[in-house]
Amino acid sequence: MTVTVYVPRDSAALSMGANEVVEAIVQHATKSGQQVAIVRNGSRGMLWLEPFVEVVTPNGRIGYGPVGIADVPSLFEKGFLHGGDHPLRQGFVADLPWSKKQTRLTFARVGVTDPLSLADYEANGGLAGLRKALAMAPAAIVEEVVQSGLRGRGGAGFPAGIKWRTVLQTAASQKYVACNADEGDSGTFSDRMVMEGDPFLLLEGMVIAGLATGATEGYVYLRSEYPDAQVVFATAIERARAAGWIGADVLGSGRRFDVHLRIGAGAYICGEETAMLESLEGKRGMVRPKPPLPAIAGLWGKPTVINNVMTLASVPWILAHGGAAYAAHGVGRSKGTLPFQLAGNVTHGGLVEVPFGITLKELLYDFGGGTASGRPIRAVQVGGPLGAYLPPSRFDTPLDYEAFAAAGGLVGHGGVVVFDDTVDMRKQARYAMEFCAIESCGKCTPCRIGSTRGVEVIDRIAAGEKRDANVALLRDLCATLTHGSLCAMGGLTPMPVMSALQHWPEDFAR
Amino acid sequence: MRGLANREPGPRQTMYSNKVIDHGTPARTAPATVSLQIDGVTVTVPVGTSVMRAAVEAGRKVPKLCATDSLEAFGSCRLCLVEIEGRRGYPASCTTPCEPGMKVKTQSKKLADLRRGVMELYISDHPLDCLTCPANGNCELQDMAGVVGLREVRYGYEGENHLVQAKDASNPYFTFDATKCIVCSRCVRACEEVQGTFALTVQGRGFDSKIASGPTNFLDSECVSCGACVQACPTATLMEKSIAEQGQPDRVVDTTCAYCGVGCSFRAEMKGNDVVRMVPHKDGKANHGHSCVKGRFAWGYATHPDRVKKPMIRSKITDPWREVTWDEAIAYAASEIRRIQGKYGVASVGGITSSRCTNEETYLVQKLVRAAFGNNNVDTCARVCHSPTGYGLKTTLGESAGTQDFDSVDDTDCVIVIGANPTDAHPVFASRMKRRLRGDTSRPGAGLIVIDPRRIDLVRTPHVEADFHLQLQPGTNVAVLNALAHVVVTEGLAKDDYVRERCDLGDFAKWKAFIALPKNSPEALEKVTGVPAASIRGAARLYATAKNGAIYYGLGVTEHSQGSTTVMGIANLAMVTGNIGRPGVGVNPLRGQNNVQGSCDMGSFPHELPGYRHVSDPAVRALFGTAWGVPIQDEPGLRIPNMFDAAIDGSFKALYVQGEDIAQSDPDTRHVQHALESLECLIVQDIFVNETAKYAHVFLPGSSFLEKDGTFTNAERRINRVRKVMPPLAGLGDWEATMALAKALGYPMHYDHPSQIMDEIARLTPTFTGVSYEKLDRLGSIQWPCNDKAPEGTPVMHEQEFVRGKGKFVITDYVATPERTSQRFPLILTTGRILSQYNVGAQTRRTQNTAWHAADVLEIHPHDAEQRGIQDGDAVSVVSRKGDTTLRAVLSERMQPGVVYTTFHHPESGANVVTTENSDWATNCPEYKVTAVQVVAHAKKSEWQREFDDFADRQESLLPKGALKGEAR
């Protein structure tokens, strides 16, 4: 009897040797005369357990991890193909508390299915949203998304339905959907995990966006640092096109929507939506002033839906189950779920999809299990390199857009990076300026010159040079950056700097 | 007379101010408007106008650095931030469009802090050498630092910076000093948006962002030195060397460029009587603030040491020149003319007017010939360039001029460029055209069809690519045009309603039957033209189905044995597709010289009085006869080639040539030399001792465009004012010298100022009735016809009906040129221009433009070169049945195999030793574009070139010692 074994093809698993583990399993199985069928799935998001190997048993999938090649002989010895006991055995995957505590709407299939199997996708709820959308008028699709309360998951949190409505209502000979997959924020990986673990989901979301707005061409702008995602997603596009899911005749409806993959060239700024448009057009990745809004004059001057991967990936569920069902999750004006990404100095790093409203504390301790070093948490940066550093006193803040803004932070793309008490917050502030200096496109003056000056001023503070005057200058510089910059890159760089200065002034005084 | 030349400065002369109002962003032209409040002032502007521009309209200024009204808003400097009621943050006023009811604050404490914060960052990376900086007094960064009240730079100057970088001084005219760069990208955007060359870019990102012209330096880059970047630079980063050397100007005079037929308006920026800079005028209606390397920078010839400052005479061309007074020179010239007329008859003398002189001067020379010489022996250099345009357009449409203004190209949807190379020869208009070809987010670019034997730049240049390049065999223009028209007629693409309403139907029926003949099909003509029939069909469909189709053409159309036929073929094609009589369409000759249109308008042809009125018309003769007080001859006089023939025959003995170098520019040089040697009195009036002057007996020193008042008429019939910015170096303007000659001949003319000449032209010429200097000063420029029907001029002609009434279709049978390739002469030589040099090069060779083009070369396809064992850079002999000359070969795939190319910017190149006596059947315009030649590797100068060198040396030795240097060689 052939036993099905799941070994993730997710980059995180690969970086921990998943391919070598597959080789070892196949070799051992051959040697011992056992039949195994390897399925390369996405990651369940329990990154500390990668490579996380699952075997299918009559009673359910049983997980083992983290599996190294050295563990393979003993796993065979202990009969892991039949769920045998082993120190790495984590039990039935469905019962693991990490999974059970989550509300996986967007990530429902990630880790469960073969990402490139059309049949798997459809058998597990795929295409339901698209089929519904095909029977709806564009305006009705838009209203469903408006009703869901879905907000842009890239960081800005702009209501997706409202954006779509603008594109729908702008008459044009050609419209586009541009998916921002330039996931450059440190400590974030949800876009990548979907593109590697459930790529058809993103395609389905894009097609729905096209149907809703009248766009017939979609572009995915993927960062070059994601070569595995590129391979999986490019294959997914080919298979979806061959199956008629995308292309000239979407699911035989006579409606067109095709998708093209474009790879970035390593510039963080190209994750800014207008710089991404420039780059997609083959130009130097520089920020465009707004207006015009891309929804009215975007890619090649045409109305363009620009959404992040997560936003578009949320759409099929909304269409399948209704906007109201999605809006039933979450709190306040932050509806639905957000796939948070736990990283940094944390015991259980990985992906956690939960409704908005969970507190930082729950995320850090209930899911994350505290620091990996075992030392107390001193600071957490939420929302990527431009997000605020928050001290433990703010850990009760519920994770929703408004509450976080009120606490001086931003939810952003849902990245959470943990630091223990050995962190030097002045260095973190300096790093924020340095990051801006490295990644600034150089178009606007505050960001172009200000970021470099920021590093220098903090260095002078560190050197004890006219400390008070330089701290005052740093504050002024941050004001110039915040209010004077052309885009969020320069505009938000002061957030980590000022939060560090606010919560840990002592680090700037030594 | 001198007193006359030193009249009060014109009204356009103002004290210099660098504070030209800059609205920050370009004007919008939407008919709908919005009203908003700026600092409490209500202002109403067209929809799409930026808050920044509206603020200027409201009398408020928002600080700015990256914005300037020649470029689209960019939003990078962040000085122009404002507060808008109900909006978060501080939007940039340059990129924020006005909305109804908006309430904008341009000043607040917070804005002041932000602006100062930004300026503090700028200055933390900028040299503090304002007092010794060439931009001192004219620097926007300096101004803005003052405006925002920057008092200290708390960052210090020890941080990372760009203060140590080498200056790029490779361009002859300007420097690039990166230490002063604020990375506003105005130069990059000017190169893209205004010039369309895309030579500049920003290299690196963030703090490392640097303006780059390519891997090496400006001179070796794609830069065409148009000056748009220098113009756009707000600091001393891109700076004219002349300003660095001489300092900022103290006064400015508006005038018109004296190079090509685009006729760009310039502000001559002066210090005393010295030009320190020529700056394209924003209000110039031909150029809208743009320029090219010639007009912008290559004006140094005007004060070159070679300029002749004293009249000279000699009795034989082997005698040394003798410097004399104006009175003596004029008296001698007049006595010679009278002596010769006495001996050989009234018709034995004649004159040639100049397309480089003013309308007024040209008018005076033809008046001198007709009234004082008493014959019609006057011609002009248009004979050798656009005479077929005059003939062809007069015949078909009724007026000898282009139908549009330059702005018309903005409204076109399909452009045909035939026999023209605008990016080299009419660069400022080419930039305009390229802008339309590129399109923008609101409109896709216009279609482009290039009909040219060479792959000119326009065929493929950044962001522009021709839909069709019909790479025809030289000499087959008529065949290609017939094939295009055949497709239009036989595929049902003709605009029958238009033709029915506006054209002569009898002529049309005949033409239609002719053009539909199978012999005119693209398939039948493919063998003749070398152009695939499918391309012809595609191009015809593109042009005929475009909403607005426009044809632009140049000397590649006219300088053929069928030049006039080609012009009429173009008019036929435009009429049958309904493409004449509104903006965006038309037939547009691109004129070579600054005033070639004007010299033709002014009656320079032997058969026409001013306004293109035939001398055989008694009413016209009576009008001029009465006004001039002498009878006008009723027989047309000699054309230039007839003058040469008559001189060799011995019936034509004296010639007055103003500002035209026939010895270099006219074809079959040996024949021309022979003719000139046969004259008993050659009077040359020029600013330099040119090739023709080497055969002269009287030399009258000419005045440059900077030294006199007058008008030039450009290719769009636009009359532009030329204003005197300095006194004539030799004491007299050309018009004054002509008057003196007339007086000495017993025919005194009475003008105190060129404006009075224009008044006379207006009185006598129906298309100029409404023209006056007063009106030119008021309107800036006027496109003729300007009369009671069109008091402010006529941008687009033939709007209601054709000038001749009904448009006339003319049958255009293709007749091959007699100039054919053979075993002896298997290649076709065609000639043209390049960007940095102008015409015979007398001006541009005396500027640093020689950095780009120091010598004429022979362009040859690598295949033809390979067959002849010719390597790139080899000296080769170009031989035709007329003569031979030696040039350096440049291998180029711009050529098609079988066709070679050269220019005639340098006299010693002898391009016209090779060209033939063939000419247009109707107008004698020489066939410069088709000469059968052989090319062989040959390291030695040709016999003609050795003779040329000897003659030039001998002539140089005959010049007064120390007075001037000889012709630069």
Side-chain angles (χ1 to χ4, degrees), chain A residues 173 267-269 274-275 283-292 296-302 435-457 459-460 465-466 469-470 472-474 476-487 489-491, chain B residues 48 50 65-66 72-79 81 83 88-92 94-97 99 110-111 113-126 153-156 158-162 182-185 188 201-210 439-444:
Chain A
S173 55
Y268 177 75
I269 197 60
T274 61
K283 299 175 188 156
R284 179 181 164 83
M286 298 248 275
V287 177
R288 291 182 191 171
K290 288 183 279 193
I296 292 167
L299 191 57
W300 290 296
K302 303 295 182 194
F435 181 80
C436 184
I438 292 167
E439 295 295 350
S440 166
C441 78
K443 181 167 178 178
C444 78
T445 316
C447 181
R448 176 171 62 88
I449 305 179
S451 52
T452 293
R453 293 291 172 256
V455 173
E456 293 166 2
V457 171
D459 283 347
R460 263 180 260 146
E465 202 180 303
K466 290 191 216 152
N470 275 313
L473 177 56
L474 183 61
D476 284 356
L477 172 61
C478 284
T480 304
L481 274 162
T482 303
H483 302 297
S485 295
L486 176 59
C487 81
M489 169 96 213
Chain B
S50 71
L65 276 172
C66 71
E72 291 299 328
F74 193 57
S76 77
C77 77
R78 316 311 286 175
L79 275 183
L81 306 178
E83 292 178 18
R88 277 191 305 150
Y90 305 89
C94 63
T95 56
T96 305
E99 281 172 23
K110 183 71 195 176
L111 289 171
D113 287 347
L114 282 176
R115 289 171 185 160
R116 213 175 293 120
V118 170
M119 186 54 71
E120 190 176 4
L121 288 170
Y122 270 127
I123 304 304
S124 74
D125 187 25
H126 196 83
V153 176
R154 292 169 291 168
Y155 301 105
E158 313 304 312
E160 215 181 312
N161 61 58
H162 300 90
I182 60 169
V183 203
C184 64
S185 289
V188 177
T201 190
V202 181
Q203 203 175 53
R205 68 183 184 213
F207 196 80
D208 295 334
S209 301
K210 269 166 76 170
D440 53 38
T441 51
S442 66
R443 267 190 317 174

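In what follows, chains carry the letters A, B, and so on, assigned in the order in which the sequence lines appear, proteins first and then strands, with residues in each chain numbered from 1. Computed from heavy atoms alone, side chains included, the values below leave out hydrogens, waters and symmetry copies. From a predicted model like this one, the values you see are computed outputs, not experimental measurements.
For chain B, the option among A/Val287, A/Thr480, A/Leu473 with the highest count of heavy-atom pairs below 4.5 Å is A/Leu473. Heavy-atom pairs under 4.5 Å with chain B were tallied for A/Arg448, A/Met286, A/Lys466; the largest tally goes to A/Arg448. Between chain A and the residues B/Thr96, B/Ile182, B/Thr201, the largest count of heavy-atom pairs under 4.5 Å involves B/Ile182. Across A/Arg288, A/Lys290, A/Lys443, the residue that shares the most heavy-atom pairs under 4.5 angstrom with chain B is A/Lys443. Among the candidates B/Cys184, B/Gly89, B/Gly204, B/Ser442, the residue making the largest number of heavy-atom pairs closer than 4.5 Å to chain A is B/Gly204. Heavy-atom pairs under 4.5 Å with chain A peak, among B/Asp113, B/Val183, B/Asp125, at B/Val183. Contact tally against chain B (heavy-atom pairs below 4.5 Å) for A/Asp459, A/Asp476, A/Thr482: the top residue is A/Asp476. For the set B/Val202, B/Val118, B/Asp208, the count of heavy-atom pairs under 4.5 angstrom toward chain A peaks at B/Val202. Ranked by heavy-atom pairs under 4.5 Å with chain A, the list B/Ser209, B/Ala92, B/Pro91 is led by B/Ser209.
With values rounded to the nearest 0.5 angstrom, A/Thr452 atom OG1 is found 11.0 Å from B/Asn161 atom CG.
With a 4.5 Å cut-off on non-hydrogen atoms, A/Cys441 touches chain B through its backbone but not through its side chain. Residue contact with chain A, scored on non-hydrogen atoms closer than 4.5 Å, is absent for B/Glu158. Heavy atoms closer than 4.5 Å to chain B are found in the backbone of A/Ser485, but not in its side chain. Of the atoms belonging to A/Ala267, heavy atoms from both backbone and side chain fall under 4.5 Å from chain B. Both the backbone and the side chain of A/Leu477 come within contact range of chain B, each with at least one heavy atom under 4.5 Å from a heavy atom of that chain. B/Leu81 touches chain A through its side chain: at least one heavy atom from C-beta onward sits under 4.5 Å away, while N, CA, C and O do not. Interface residue A/Arg460: only side-chain heavy atoms are found under 4.5 Å from chain B.
Heavy-atom neighbours of B/Gln203 CD from other residues, nucleotides or ligands within 6.0 Å: at or below the threshold of 12.
Under the 3.5 Å distance criterion, with hydrogens and angles disregarded, a donor-acceptor pair is assigned to the side chains of A/Arg453 and B/Ser124.
Salt bridge present: A/Glu439 and B/Arg205 bring a charged side-chain N and a carboxylate O closer than 4.0 Å.
Minimum heavy-atom separation, B/Tyr122 to A/Thr445: OH-OG1, 2.8 Å.
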